[in-house]
Chemist: 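Dropping the structure in here first, questions after.
Atoms considered below: every heavy atom in the structure, side chains included; atoms not considered: hydrogens, waters and symmetry mates. Just so it is clear: chains get the letters A, B, ... in the order the sequence lines come, proteins before strands, and each one is counted from 1. Remember, predicted model here, so these are calculated numbers, not experimental data.
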Amino acid sequence: MNANTTETSTTLHSNRARGAAHLWSKTLIPTTREAPAEAESPSHIWLVRAGYIRRVGSGIYNYLPLAWRSLQKITQIIREEMNAAGASEMLMPALEPIELFKDTKRDIDYGDLLFKSIDRHGRAAALAPTHEEVITNLIHNTINSYKQLPLSLYQIQTKFRDEFRPRAGLLRCREFIMKDAYSFHLNIEGDGGLNEVYDAMYQAYCNIFARCGLDYSVVEAEAGPIGGSASHEFMVNCDSGEDTILRCPESGYAANVEKCEIGKRSASFEGEPSQELEKIHTPNLPGIDMVAEFLKTQPAAMLKTIVFQTTTDDAEPSWVLAVVRGDHEVNEGKVKDALQGQSITLADEKLAKQAGFTIGYVSPCAIKALGSRLNIRVLVDHDAAQGERAWATGADEKDHHVTGFNWKRELGNLLNDNASITIAEIRNAQAGDPSPRVDGQTLAQSKGIEVGHIFKLGSKYSDAMGLSIADHTQQRQSVVMGCYGIGVSRTLAACVEMSHDDFGIIMPPAIAPYLVLITIMKPDQENQMDAALKLASKLASIGIDVLIDDRKERPGVKFKDGDLVGIPIRLTIGDKALDQNCVEFKKRDEPGKGDLVPINEVAIRCQSILT
RNA sequence: CGGGGUGUAGCGCAGCUUGGUUAGCGCGUCUGACUGGGGGUCAGAAGGUCGGAGGUUCGAAUCCUCUCACCCCGACCA
């Protein structure tokens with residue numbers, strides 16, 4: 001009986017038209033000739049102009065029919081791949097009691113990013129920015145044997161983050177659609193361990209972004225508490241992206257600029273002075289570039305000294321001077337690593353000045369002057385630790401710099417004291433730096449937009465929320481977790497950012513709102529309208545989504561709008577083609593007017609585009 | 001949050017410095033005609049709390065005070 005029912009419904013289903021065949025005049029596609037003044041980034045401009053989205057408030061958007069259809073296609077691909085990776089879909093609430101965030105202290109850590117609300121009883125709740133707490137709590141209450149692990153769950157849902165500065169349309173919203181998945185394990189290694197599922201998710205993500213038709217990169221991100229490469233970011237490659245990716249062309253190593261390691265570099269404080277140390281008056285010169293220009297040198301010939309302080313609670317802070325070349329940037333995370341994870345922060349300007357640092361004009365010599373009184377460590381980047389060079393740097397005196405700085409002459413014996421002065425990797429990598437993987441190879445730089453991030457969480461949340469479970473030897477163990485996110489609405493924006501031209505969006509077939517746009521030259525002419533409807537229903541019957549532009553507009557308007565919305569295939573129905581039983585077949589990403597294709601061959605040709 | 005900027009018709013803007021009747025222009029919209037393969041032409045029309053509140057003034061889009069909203073650049077994130 002059951003089997004029969006299933007069979008019947010399957011049959012019914014396969015007989016039914018599976019694709020959509022919609023009329024432009026009966027849906028909402030408000031294209032515009034001009035973009036609103038507020039839109040600057042390409043994806044924002046085109047999504048608004050093509051009638052995909054409209055702004056409701058800052059960082060809050062309506063997804064109009066075209067956008068929603070695309071988003072549905074993206075989420076469908078995500079669902080298929082997540083299910084294939086063994087994850088089960090569920091749905092958690094967007095509204096969460098604030099207490100849930102107390103255990104993990106994220107009510108504080110997240111700070112103002114958390115949307116908070118008070119209900120009529122005075123109870124505080126938050127609009128969920130993510131769901132680690134809710135799901136950890138759920139697992140805590142529902143899993144009571146190690147035999148139920150591993151377990152992977154996911155949801156696709158609206159998230160809320162009260163961003164300081166929402167921007168670029170769908171790229172950074174305060175309300176956005178996200179797929180978030182969480183996995184729970186007893187072990188890291190081995191069968192059913194975190195690593196196994198992490199690898200499966202990694203593969204699923206590759207499948208997802210490839211199927212969406214996106215040009216993407218997988219990039220190593222900050223290593224988690226477990227160590228190793230415990231986190232990866234998935235970036236859509238595009239020049240307008242905000243994230244900088246560095247990669248070794250030979251080994252394939254790729255990483256976010258903040259996390260990228262730098263290969264071997266030689267460094268030595270040895271070297272005789274080649275010129276006198278000269279103090280120069282340099283007033284009113286904000287920024288190292290202007291100072292360099294004034295001193296008739298380059299930022300690369302200067303030393304930049306950034307003052308950090310340790311964040312110990314009550315005791316007097318100790319100070320860390322991070323010295324890099326003037327054209328390089330100090331990386332706080334790497335400074336922290338160089339100090340064995342000691343917690344530091346950029347020095348408070350007032351405190352630092354009180355302590356004696358001439359902020360803005362600090363040089364490594366500050367340790368000579370202040371070292372007897374204060375607890376100071378100096379970390380010097382390899383490229384700054386070049387003893388044979390004569391450097392320009394601050395003079396530790398307001399409005400003054402020095403030239404001719406020589407490490408050995410200026411710092412002398414202090415250089416031998418490893419507790420005081422250490423050479424360490426403390427700066428951001430940049431293009432041209434040596435590859436950390438292949439000797440002699442250099443890093444190349446590109447830009448991207450982060451659309452996915454997978455992470456080995458370890459037991460951070462389970463420990464904070466008391467989620468542990470007894471293994472087969474009755475030993476209680478912390479549950480190990482992984483989490484895996486995809487910015488769904490951002491993916492749509494990133495796609496447009498990556499794929500557009502001067503006329504509008506160019507949608508990849510897999511996530512286009514419709515695969516085919518039928519443009520009718522004369523919709524009030526019955527034979528043209530008939531041909532369009534007939535063709536549309538045929539295409540729909542084999543699962544192809546079709547939009548029919550039946551508007552009584554001039555051809556130019558329809559062609560322009562067609563290019564704008566970016567549907568991959570345009571079929572133009574006009575008298576000339578119809579006389580030969582043909583339609584004009586044109587792909588959005590190809591120039592020209594397309595070519596004549598017999599109507600009965602159109603379906604096959606459309607299908608071939610999809611695969 | 002720090003810095004910069006903008007609010008005038010559905011969209012893009014002018015007008016504000018130096019206050020003066022009925023607030024303009026382009027696009028879009030509506031009506032009609034001619035058109036008809038890349039945002040066509042002509043004629044006509046509709047459409048405005050000038051972001052809001054208060055003040056100065058005989059009189060405010062314009063000057064003053066407060067306020068709200070939005071955007072851009074910086075630090076974080078899917």
Chemist: Which one, B:G12, B:A75, B:G36, comes nearest to the side chain of A:Arg167?
Modeler: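 When the side chain of A:Arg167 is considered, B:A75 is the closest of B:G12, B:A75, B:G36.
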Chemist: What integer distance in Å separates A:Leu170:CG from B:A78:P?
Modeler: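 One finds 17 Å between P of B:A78 and CG of A:Leu170, rounded.
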Chemist: Which residue, A:Phe176 or A:Gly59, contacts RNA chain B at a nucleotide closer to its 5' end, judged by nearest heavy atom?
Modeler: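 Mapping each residue to its closest nucleotide by heavy atoms, the 5'-most match is A:Gly59.
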Chemist: Counting side-chain heavy atoms from CB outward, which of B:G38, B:C72, B:C71 is closest to A:Lys586?
Modeler: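 In terms of side-chain proximity for A:Lys586, the closest of B:G38, B:C72, B:C71 is B:G38.
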Chemist: Should A:Glu553 and A:Lys558 count as an ion pair when the cut-off is N to O under 4.0 Å?
Modeler: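 A:Lys558 and A:Glu553: not salt-bridged.
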Chemist: When the ring planes of A:His232 and A:Tyr202 are compared, do they come out parallel, tilted or perpendicular, using 30° and 60° as the limits?
Modeler: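 The arrangement is perpendicular - the two ring planes meet at more than 60°.
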Chemist: Does A:Ala168 reach a base, just sugar-phosphate, or nothing at all? Heavy atoms under 4.0 Å.
Modeler: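 Touches sugar-phosphate only.
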Chemist: At under 4.0 Å between heavy atoms, what does A:Val557 touch on the DNA or RNA strands: base, sugar-phosphate, or nothing?
Modeler: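 The answer is base, as A:Val557 lies within the cut-off (heavy atoms under 4.0 Å) of a base atom.
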Chemist: Taking CD from A:Glu38 and C1' from B:C73, how many angstroms apart are they, rounded to a whole number?
Modeler: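 Atom-to-atom, A:Glu38 to B:C73, this comes out as 17 Å.
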Chemist: Touch check for A:Leu564, heavy atoms < 4.0 angstrom, all strands: base, sugar-phosphate only, or nothing?
Modeler: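 Touches a base.
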Chemist: Does a nitrogen or oxygen in the side chain of A:Ser58 sit under 4.0 Å from OP1 or OP2 of B:C71?
Modeler: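 Yes, A:Ser58 has a side-chain N/O under 4.0 Å of OP1/OP2 on B:C71.
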Chemist: When all nucleic acid strands are considered with a 4.0 Å heavy-atom cut-off, which category describes A:Arg165: base, sugar-phosphate, or nothing?
Modeler: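 Answer is base: heavy atoms of A:Arg165 come under 4.0 Å of a base.
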Chemist: Could you check which of B:G12, B:A75, B:G36 has an atom nearest any side-chain atom of A:Arg172?
Modeler: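 Shortest atom-to-atom distance from the side chain points to B:A75.
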Chemist: Quick test of your reading of the model: are A:Lys522 and A:Asp575 salt-bridged, counting only N-O distances below 4.0 Å?
Modeler: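 A salt bridge is present here (some side-chain N lies under 4.0 Å from a carboxylate O).
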Chemist: Please determine whether a side-chain nitrogen of the Lys or Arg among A:Arg79 and A:Glu89 lies less than 4.0 Å from a carboxylate oxygen of the Asp or Glu.
Modeler: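 Salt bridge: yes.
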Chemist: Partner lookup for B:U6, please. Criteria are Watson-Crick or G-U wobble with both distances under 3.5 angstrom; report none if nothing qualifies.
Modeler: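 The base-pairing partner of B:U6, which may sit in any strand shown, is B:A69.
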Chemist: Look through every strand shown and name the nucleotide pairing with B:C1 as Watson-Crick or G-U wobble, where both distances are under 3.5 Å.
Modeler: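 The answer is B:G74, by the H-bond criterion.
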Chemist: Is any side-chain N of the basic residue among A:Asp239 and A:Lys447 closer than 4.0 Å to the acidic one's carboxylate O?
Modeler: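 Salt bridge between A:Asp239 and A:Lys447, a charged N being under 4.0 Å from a carboxylate O: no.
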Chemist: Which whole-number value in Å describes the distance from A:Glu553 CD to B:U29 C1'?
Modeler: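 Spelled out: CD on A:Glu553 to C1' on B:U29 is 11 Å.
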Chemist: Could you measure between the two P atoms, the one in B:C42 and the one in B:G20, and give it in whole Å?
Modeler: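 Comparing P positions in B:C42 and B:G20 gives a spacing of 33 Å.
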Chemist: Both A:Phe559 and A:Val488 contact RNA chain B. Which one's nearest nucleotide lies toward the 5' end?
Modeler: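 With A:Phe559 and A:Val488 compared, the 5'-side residue is A:Phe559.
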Chemist: Side chain of A:Arg49: nearest nucleotide among B:G39, B:G74, B:C71?
Modeler: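 Closest of the options to the side chain of A:Arg49: B:G39.
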Chemist: Could you let me know what B:U18 is paired to, Watson-Crick or G-U wobble, both distances under 3.5 Å, or none if it's on its own?
Modeler: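 With both distances under 3.5 Å required, B:U18 matches none.
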Chemist: Under the 3.5 Å rule, do the base of B:G40 and the side chain of A:Arg554 count as making a donor-acceptor pair?
Modeler: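 Between B:G40 and A:Arg554, which were checked side chain against base, a qualifying N/O pair under 3.5 Å is present.
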Chemist: Distance check needed: B:C1 P versus A:Glu163 CD, whole Å only.
Modeler: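 Going from A:Glu163 (CD) to B:C1 (P), I get 15 Å.
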Chemist: If you look at every strand shown and take non-hydrogen atoms under 4.0 Å, does A:Glu233 touch a base, only sugar-phosphate, or nothing?
Modeler: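 Answer is nothing: A:Glu233 stays at 4.0 Å or more from every strand.
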Chemist: Whole angstroms only, please: what is the CD-P distance between A:Glu132 and B:A78?
Modeler: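 Those two atoms, CD and P, are 9 Å apart.
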Chemist: Could A:Glu81 and A:Arg211 be called an ion pair, given the rule that one side-chain N must be under 4.0 Å from one carboxylate O?
Modeler: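 Yes, charged N to carboxylate O under 4.0 Å.
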Chemist: Checking contacts here: which listed nucleotide (B:A78, B:U29, B:G38) is nearest the side-chain heavy atoms of A:Arg570?
Modeler: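 Within the option list, the nearest is B:G38.
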Chemist: Which nucleotide, B:G40, B:G12, B:A78, lies nearest any side-chain atom of A:Glu34?
Modeler: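 Ranking B:G40, B:G12, B:A78 by closest atom to the A:Glu34 side chain puts B:G12 first.
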Chemist: B:A53 and B:C16: how far apart are their P atoms, nearest whole angstrom?
Modeler: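 It works out to 24 Å between them.
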Chemist: Determine the interatomic distance between C1' on B:G52 and the same-named atom on B:C11; round to the nearest Å.
Modeler: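 Going atom to atom, C1' in each nucleotide, I get 23 Å.
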Chemist: Salt bridge check: are A:Lys116 and A:Asp162 linked by an N-O gap of less than 4.0 Å?
Modeler: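 Judged by the 4.0 Å cut-off on N to carboxylate O distance, A:Lys116 and A:Asp162 do not form a salt bridge.
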Chemist: So, are A:Asp327 and A:Arg427 salt-bridged, with charged N and O less than 4.0 Å apart?
Modeler: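 No, A:Asp327 and A:Arg427 are not salt-bridged.
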Chemist: Output the single nucleotide from B:G39, B:C71, B:A78 whose closest atom is nearest the side chain of A:Asp561.
Modeler: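 Taking heavy atoms from C-beta onward, the closest nucleotide is B:G39.
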Chemist: If you check every side-chain atom of A:Arg33, which of B:G12, B:C77, B:G28 has the closest atom?
Modeler: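 So the side chain of A:Arg33 is nearest to B:G28.
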Chemist: What integer number of Å spans the P atoms of B:A14 and B:U57?
Modeler: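 Here B:A14 and B:U57 have their P atoms 32 Å from each other.
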Chemist: What is the distance, rounded to the nearest whole Å, between atom NZ of A:Lys576 and atom C1' of B:G36?
Modeler: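 Spelled out: NZ on A:Lys576 to C1' on B:G36 is 11 Å.
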Chemist: Just how far, in rounded Å, is P of B:A75 from CG of A:Leu113?
Modeler: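 In whole Å, B:A75 P and A:Leu113 CG are 16 Å from each other.
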Chemist: Describe the nucleic acid contact of A:Ala39 in one word from base, sugar-phosphate, nothing, applying a heavy-atom distance below 4.0 Å.
Modeler: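 If one applies the 4.0 Å heavy-atom cut-off, A:Ala39 turns out to touch nothing in the nucleic acid.
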Chemist: Can you find a donor-acceptor pair, distance only, under 3.5 Å between A:Arg490 side chain and B:C77 base?
Modeler: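 Flag set: donor-acceptor pair detected.
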Chemist: Looking at A:Arg605 and A:Asp595, does any basic side-chain N land under 4.0 Å from a carboxylate oxygen?
Modeler: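 Yes.
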Chemist: Which whole number of Å gives the distance between the C1' atom of B:A60 and that of B:G54?
Modeler: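 Result for the C1' pair: 13 Å, nearest Å.
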Chemist: Closest approach to the side chain of A:Asp243, judged atom by atom: which nucleotide of B:A75, B:C71, B:C77 is it?
Modeler: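 Nearest to the side chain of A:Asp243 among the choices is B:C77.
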Chemist: Counting only Watson-Crick pairs (N1-N3 plus N6-O4 or O6-N4) and G-U wobbles (N1-O2, O6-N3), all under 3.5 Å, who is the partner of B:G26?
Modeler: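 Paired with B:G26, as far as the under-3.5 Å criterion goes, is B:C11.
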Chemist: Which nucleotide sits closest to the side chain of A:Pro36: B:C70, B:C11, B:G40?
Modeler: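 Ranking B:C70, B:C11, B:G40 by closest atom to the A:Pro36 side chain puts B:C11 first.
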Chemist: Can you tell me, in whole Å, how much space there is between the C1' of B:G40 and that of B:C27?
Modeler: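 Those two atoms are separated by 15 Å.
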Chemist: Taking pairing as Watson-Crick or G-U wobble with both contacts under 3.5 Å, can you name the mate of B:U41, or confirm there isn't one?
Modeler: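 WC or wobble partner is B:A33.
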Chemist: Grab the NZ-P distance between A:Lys560 and B:G40 for me, whole Å please.
Modeler: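 Roughly 10 Å, once rounded to whole Å.
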Chemist: Using atom C1' in both nucleotides, what's the gap between B:U41 and B:A23 to the nearest angstrom?
Modeler: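 Result for the C1' pair: 29 Å, nearest Å.
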Chemist: Between B:G55 and B:A46, how many Å separate the two C1' atoms, rounded to a whole number?
Modeler: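 The same atom, C1', in both gives a distance of 36 Å.
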